[in-house]
Chemist: 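Structure incoming, see below.
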Amino acid sequence: MSEHKPLSGDQVAAWLRDHTDFFQGRQELLELLKLPDPRGNAVSLLERQAQILRERNQGLRDRLNNLLGVARDNDQLFEKTRQLVLTMVESRSAEQLFPDLIRILQQDFGADTVSLLVYDRDMDLTGELRSQVRCLAADDLHEALQLLLRNGKAICGVLRQVELEQLFPRHADQVQSAAMVPLEWQGRQGLLAIGSFDAHHFRSSLGTIFISHIGDVLSRRMHDLLRRYPRLEARRA
């Protein structure tokens, strides 16, 4: 009479996978099974399963709380963006638009400094606009900045010193992170750069949908409001 070879652990595991209802009605077996616990004590299979379920539920609750937090932050950011867009739409002059834009970005969006570049070296801005807006040709941008902006999309993150010096000449040593959005409407209009003294404020992983929307509206308002300004060559003539 031949002896039966004992089943290996892998064979038992494979059989149980095919017979997942084996322990149904055999609760006494489940209570006999002992599993090592991370805390050093042996626990029954039922206790271990309950512990795993509690851990999974806690993980799900943490993920849900995180999603709810992100949703609340997005709601607040949406409301701030909506208010800024309405302010830009209601502006009747560049003298009204640019100070309001800078003020709101600093007060509501956590900007420590704001830089607005207009790609028109010969635009003859007067008064306070000269201190709020810098006029230059698009080709005057540093090559590194042109490379960053080559796809015409907003970007966030840490910039190099040479880039900071061109964007934020008065705060280049303080700005630790920045967001930039190209301003384009019927051609290249300029660049809006927002700087923060906090290296983590504008992370490279940060979404750009809101700042891109602000840039789209600002581009159109600039196109309308700046057309009235005289050209330097006209004054020289």
Side-chain angles (χ1 to χ4, degrees), residues 65-120 123 125-135 148-149 151-159 164 167-168 170-171 174-229:
N65 290 334
N66 182 63
L67 290 174
L68 290 175
V70 171
R72 284 192 296 267
D73 291 343
N74 283 339
D75 282 344
Q76 294 175 1
L77 189 54
F78 171 79
E79 180 59 25
K80 294 175 182 178
T81 301
R82 187 181 73 87
Q83 292 294 337
L84 175 55
V85 166
L86 290 176
T87 298
M88 290 191 291
V89 170
E90 293 168 357
S91 297
R92 293 296 175 260
S93 67
E95 288 85 356
Q96 181 184 3
L97 171 64
F98 296 136
D100 286 346
L101 170 69
I102 294 171
R103 173 181 55 81
I104 293 174
L105 288 175
Q106 291 177 331
Q107 290 181 356
D108 296 343
F109 290 82
D112 290 308
T113 182
V114 179
S115 180
L116 182 59
L117 309 182
V118 174
Y119 296 153
D120 191 339
M123 183 169 291
L125 299 180
T126 58
E128 285 190 41
L129 288 184
R130 287 191 175 184
S131 63
Q132 297 168 340
V133 180
R134 283 188 289 152
C135 296
L148 283 176
L149 300 167
N151 61 2
K153 297 184 180 299
I155 61 172
C156 298
V158 177
L159 301 179
L164 294 173
L167 292 176
F168 311 104
R170 290 186 295 177
H171 302 284
Q174 297 171 279
V175 173
Q176 299 298 313
S177 63
M180 297 186 297
V181 56
L183 305 174
E184 299 182 3
W185 171 245
Q186 298 182 4
R188 299 173 69 187
Q189 298 288 324
L191 174 66
L192 174 64
I194 307 171
S196 173
F197 299 161
D198 180 358
H200 302 288
H201 189 81
F202 291 113
R203 304 178 305 277
S204 58
S205 59
L206 196 66
T208 58
I209 183 171
F210 290 107
I211 191 175
S212 296
H213 182 55
I214 292 171
D216 289 340
V217 177
L218 179 58
S219 301
R220 287 155 176 77
R221 298 302 293 138
M222 285 174 54
H223 181 268
D224 293 336
L225 297 178
L226 292 180
R227 285 185 299 174
R228 70 188 63 177
Y229 284 89

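Atoms considered below: every heavy atom in the structure, side chains included; atoms not considered: hydrogens, waters and symmetry mates.
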Chemist: With salt bridge (Lys or Arg N to Asp or Glu O under 4.0 Å) as the rule and sequence neighbours excluded, what pairs involving residues 97-110 come up?
Modeler: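 Found Asp100-Arg103.
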Chemist: What distance separates Leu67 CG from Arg72 CZ, expressed to the nearest 0.5 Å?
Modeler: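 Answer rounded to 0.5 Å: 10.5 Å.
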Chemist: Please indicate whether Leu86 has more than 12 foreign heavy atoms, meaning atoms of other residues, nucleotides or ligands, lying under 6.0 Å from its CG.
Modeler: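 Count over threshold, so yes.
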Chemist: Kindly state each residue pair satisfying salt bridge (Lys or Arg N to Asp or Glu O under 4.0 Å) with at least one member in residues 201-225, sequence neighbours excluded.
Modeler: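 Matches after skipping sequence neighbours: Arg221-Asp224, Asp224-Arg227.
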Chemist: Answer yes or no: is there a donor N or O on one side and an acceptor on the other, between the side chain of Ser115 and the main chain of Leu167, under 3.5 Å?
Modeler: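 Looks like yes, one N/O pair under 3.5 Å.
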Chemist: Tell me the closest heavy-atom pair linking Arg92 and Glu90, and the distance in Å.
Modeler: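 Looking at all heavy atoms of both residues, the shortest contact is NH1-O, 3.2 Å.
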Chemist: Are side-chain heavy atoms of Val114 and Leu101 found at a separation under 4.5 Å?
Modeler: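 Contact flag for Val114/Leu101 side chains = no.
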Chemist: Measure the CD-CE distance between Gln83 and Met88 for me, rounded to the nearest 0.5 Å.
Modeler: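 It comes to 11.5 Å.
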Chemist: So, applying side-chain contact (heavy atoms from CB on, under 4.5 Å) with Leu191, which one of Val181, Leu183, Leu149, Val118 is it?
Modeler: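 For Leu191, the side-chain contact (heavy atoms from CB on, under 4.5 Å) test succeeds with only one of Val181, Leu183, Leu149, Val118, which is Leu149.
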Chemist: Indicate the atoms forming the closest heavy-atom contact of Gly195 with Phe202, along with that distance.
Modeler: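 Here Gly195 and Phe202 meet closest at C-CE1, 4.3 Å.
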Chemist: Would you check if Thr87 and Leu97 make a side-chain contact, meaning some heavy-atom pair closer than 4.5 Å?
Modeler: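 In short, these two side chains do not touch, never coming nearer than 4.5 Å.
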Chemist: Taking the side chain as everything from C-beta on, heavy atoms only, tell me whether Gln176 gets closer than 4.5 Å to Asp198.
Modeler: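 No, every pair of side-chain atoms sits at 4.5 Å or beyond.
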Chemist: What verdict does the side-chain contact (heavy atoms from CB on, under 4.5 Å) test give for Ser204 and Cys156, after you've listed the backbone C-alpha separation in whole Å, the side-chain angles of each residue and the deciding distance to 0.1 Å?
Modeler: CA-CA 5 Å; Ser204 58; Cys156 298; 5.9 Å; no
Chemist: Roughly how far, to the nearest 0.5 Å, is CG of Asp120 from CG of Leu226?
Modeler: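 So the gap between those two atoms works out to 8.5 Å.
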Chemist: Test side-chain contact (heavy atoms from CB on, under 4.5 Å) on Ile102 and Leu116; report intermediate values, then the result.
Modeler: CA-CA 9 Å; Ile102 294 171; Leu116 182 59; 5.9 Å; no
Chemist: With rounding to the nearest 0.5 angstrom, report the NE2 to CG distance, His213 to Leu218.
Modeler: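 The distance works out to 11.5 Å.
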Chemist: Answer whether the closest heavy-atom distance between the side chains of Gln174 and Asp112 falls below 4.5 Å.
Modeler: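 Side-chain contact under 4.5 Å: no.
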Chemist: Can you check side-chain contact (heavy atoms from CB on, under 4.5 Å) on Leu148 and Leu159, steps first, answer last?
Modeler: CA-CA 10 Å; Leu148 283 176; Leu159 301 179; 4.0 Å; yes
Chemist: Give the minimum heavy-atom separation between Gly110 and His201, together with the two atoms involved.
Modeler: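 For Gly110 versus His201, the nearest heavy atoms are O-NE2, 3.8 Å.
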Chemist: Do Lys153 and Pro182 have side chains that get closer than 4.5 Å, going by heavy atoms?
Modeler: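 No, every pair of side-chain atoms sits at 4.5 Å or beyond.
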Chemist: Does the side chain of His223 pick up a donor-acceptor pair with the side chain of Gln186 at under 3.5 Å?
Modeler: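 Yes - a donor-acceptor pair under 3.5 Å links their side chains.
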Chemist: Tell me, do Asp75 and Glu79 make a side-chain contact under 4.5 Å, heavy atoms counted?
Modeler: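 A side-chain contact is absent here, since even the closest heavy-atom pair is not under 4.5 Å.
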Chemist: Does CZ in Phe197 sit with more than 12 non-hydrogen atoms of other residues, nucleotides or ligands closer than 6.0 Å?
Modeler: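 Counting other residues, nucleotides and ligands, CZ of Phe197 exceeds 12 neighbours.
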Chemist: What distance separates Ile214 CD1 from Ile194 CD1, expressed to the nearest 0.5 Å?
Modeler: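 Between atom CD1 of Ile214 and atom CD1 of Ile194 there are 6.5 Å.
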Chemist: Can Thr208 and Ile211 be said to form a side-chain contact (heavy atoms from CB on, under 4.5 Å), step by step?
Modeler: CA-CA 5 Å; Thr208 58; Ile211 191 175; 3.9 Å; yes
Chemist: If we only count heavy atoms from C-beta on, is the Phe109 to Ile104 side-chain gap below 4.5 Å?
Modeler: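 With C-beta onward as the side chain, the pair touches.
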Chemist: So, taking the atom named CE in Met222 and the one named OG in Ser91, what distance separates them when rounded to the nearest 0.5 Å?
Modeler: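 Reported to 0.5 Å precision, the distance equals 12.5 Å.
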